[in-house]
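Everything quoted here is computed from the prediction, not taken from an experiment. Chain A is the first sequence line, chain B the second, and so forth, proteins listed ahead of strands; every chain is numbered from 1.
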There are 2 protein chains.
Amino acid sequence: MPLPETEIPGRLQAELMSRGLRMTRQRRTILSVVETAKQHLDASQLLRRARRLDPQIDRVTVYRTLGLLKRHGLIDELDLMHMQGEKHFYERRPQRDHIHMACLRCGKITEFESDLFDRLKGQIQRDCRFHIVVTRLEVGGYCAQCRTTDQPKD
Amino acid sequence: MPLPETEIPGRLQAELMSRGLRMTRQRRTILSVVETAKQHLDASQLLRRARRLDPQIDRVTVYRTLGLLKRHGLIDELDLMHMQGEKHFYERRPQRDHIHMACLRCGKITEFESDLFDRLKGQIQRDCRFHIVVTRLEVGGYCAQCRTTDQPKD
DNA sequence: TATAATGTTGCATACCAGTTGCAATAAGGA
DNA sequence: TCCTTATTGCAACTGGTATGCAACATTATA
Ligand SMILES: [Mn+2]
Ligand SMILES: [Mn+2]
Ligand SMILES: [Zn+2]
Ligand SMILES: [Zn+2]
């Protein structure tokens, strides 16, 4: 599906434009990939998907756009316990922070929102007099399925 | 608690030996550096300190020893928000998990233990039926000093 | 709608942290 | 002490990301 310029801009695009940044074809493409992603994507996955919409897009443009989005606090960078190399994963910054759980056996990533987590962040801000900009809580362990089986992974 | 909680140098070494691993001069050196470190060290800092005790130690041995300690759950790996490149930092796994706060302006790393954090982990294990092996909560933001000043970063 | 100013892109290349293959060496048990 | 097997150091390599720069696209202005 080609990306018509008349399309209603996504939230990321609107945010960047409202901050006076130039909106190029490449940026529109990458932003749309980030916005429509159903899972956490790394830079190379992002590039592959962006290339399906605009085959001549370059990976440096992906990295530079990710850097831009990070600097503007519009996406979060995840390690997901670095289970498959040293790559990083990205997701649009959500309305409410969530926890990422990574199963060390099957690799499944689970998200979890928690009131206790929100309270913990409040405690950090108060007790440590620390102004929080970004948080990352990642948990490694074994999911319900993998806990109960002894089979080799996956 | 059957074992005393005091900072006995050689605890990592004792742990590895009790698990039937060979104790080489290089491992003893690296373990002693990890155990006596007052701050979070990355692999190259670790190598430099190890070389002061044993000048012909190689960096691959540092990486392999870190891998060993990670696999045995004796150290934790930290990103510290990747403020200076993509390197990772290490610390001996503490008796009680703690949070790492990284000031995005001055770079200071602060540690914080919290009952709410312990309860959150309990909630994750229960509500998600997830068996936790390792956790990493990192927070980026501005420390008390940097919050109140407007000077350019350090 | 053309022009100018400035920001962005793609390409090539470099960089950095970490990994791997392999022959030489050392540890720990018999 | 010898023997087996794990570990080491070296060199080369990898994967992920960053940079210099000339060509180009965007946006403001005329
Ligand atoms: Mn990382
Ligand atoms: Mn997520
Ligand atoms: Zn699993
Ligand atoms: Zn600070």
Side-chain angles (χ1 to χ4, degrees), chain A residues 3 5-6 9 12-14 16-31 33-34 40-51 53-72 75 77-90, chain B residues 12-14 16-31 33-34 40-51 53-72 75 77-90:
Chain A
L3 202 65
E5 315 233 335
T6 53
L12 288 179
Q13 186 176 327
L16 286 184
M17 287 177 82
S18 78
R19 295 172 201 212
L21 283 143
R22 290 197 185 173
M23 198 44 54
T24 62
R25 185 172 38 83
Q26 295 89 331
R27 279 187 183 164
R28 263 189 295 269
T29 304
I30 295 165
L31 297 183
V33 171
V34 171
H40 310 98
L41 301 177
D42 63 39
S44 66
Q45 292 173 310
L46 228 65
L47 173 65
R48 228 176 305 125
R49 293 189 182 207
R51 278 201 162 139
L53 303 167
D54 177 354
Q56 59 212 358
I57 215 161
D58 194 84
R59 71 207 163 98
V60 291
T61 303
V62 169
Y63 281 113
R64 288 195 272 230
T65 304
L66 287 173
L68 185 75
L69 292 168
K70 269 193 278 179
R71 285 195 303 279
H72 284 266
I75 56 170
E77 187 176 61
L78 309 171
D79 280 46
L80 301 184
M81 301 317 283
H82 283 313
M83 288 190 301
Q84 24 182 355
E86 302 283 285
K87 66 186 74 160
H88 294 106
F89 297 85
Y90 301 91
Chain B
L12 287 179
Q13 186 176 326
L16 287 184
M17 288 179 81
S18 79
R19 295 173 200 212
L21 284 142
R22 289 194 186 174
M23 199 41 56
T24 62
R25 185 171 38 83
Q26 293 90 330
R27 281 188 181 163
R28 262 189 294 269
T29 304
I30 294 165
L31 297 183
V33 171
V34 171
H40 309 99
L41 302 176
D42 63 37
S44 65
Q45 294 172 310
L46 227 63
L47 173 65
R48 227 174 306 123
R49 293 189 183 207
R51 283 228 238 243
L53 303 167
D54 177 355
Q56 58 210 358
I57 216 161
D58 193 85
R59 74 206 172 94
V60 290
T61 303
V62 170
Y63 281 113
R64 289 196 271 231
T65 305
L66 287 173
L68 184 74
L69 291 168
K70 270 192 278 179
R71 285 196 303 281
H72 284 265
I75 56 171
E77 187 176 62
L78 309 171
D79 279 45
L80 302 181
M81 300 318 281
H82 283 312
M83 287 190 301
Q84 25 181 350
E86 302 283 285
K87 66 187 77 164
H88 292 106
F89 297 85
Y90 301 90

Would one find a side-chain N or O of [X] under 4.0 angstrom from OP1 or OP2 of [N]?
X     : N      : result
B:H88 : C:dA17 : no
A:Y63 : D:dT17 : yes
A:S44 : D:dG16 : no
A:Q84 : D:dG15 : no
B:T61 : D:dG9  : yes
B:Q26 : D:dG9  : yes

Can you tell me the distance, in whole Å, between the [atom1] atom of [X] and the [atom2] atom of [N]?
X     : N      : atom1 : atom2 : result
A:L47 : D:dG16 : CG    : C1'   : 13 Å
B:R19 : D:dT7  : CZ    : P     : 14 Å
B:L68 : D:dT8  : CG    : P     : 9 Å
B:D79 : C:dC16 : CG    : C1'   : 15 Å
B:Y90 : C:dA17 : OH    : P     : 12 Å
B:L31 : D:dT7  : CG    : C1'   : 14 Å
A:Q45 : D:dT17 : CD    : P     : 11 Å
B:L46 : C:dG18 : CG    : P     : 11 Å

Using only atom types and a distance under 3.5 Å, with no angle test, would you say the side chain of B:R59 pairs donor to acceptor with the backbone of B:L47?
no
For A:H72, does its backbone N or O pair with a side-chain atom of A:R19 as donor and acceptor, under 3.5 Å?
yes
B:L21 vs B:K70, nearer the 5' end of DNA chain C by closest nucleotide:
B:K70
Gap between atom [atom2] of [Y] and atom [atom1] of [X] - 0.5 Å precision:
X     : Y     : atom1 : atom2 : value
A:H88 : B:E86 : NE2   : CD    : 4.5 Å
B:L12 : B:L31 : CG    : CG    : 5.5 Å
B:L46 : B:T61 : CG    : OG1   : 12.0 Å

Specify the residue among A:A43 and B:R22 whose closest nucleotide of DNA chain D lies further upstream toward the 5′ end.
B:R22
Choose from C:dT19, C:dC11, C:dT9 the nucleotide whose nearest atom is closest to any side-chain atom of B:V60.
C:dT19
Among the nucleotides D:dT7, C:dA17, C:dT8, whichever has the atom closest to the side chain of B:T24 is D:dT7
At under 4.0 Å between heavy atoms, what does B:R59 touch on the DNA or RNA strands: base, sugar-phosphate, or nothing?
base
Is there a donor N/O on one and an acceptor N/O on the other, under 3.5 Å, for the side chain of B:R64 and the base of C:dT19?
no
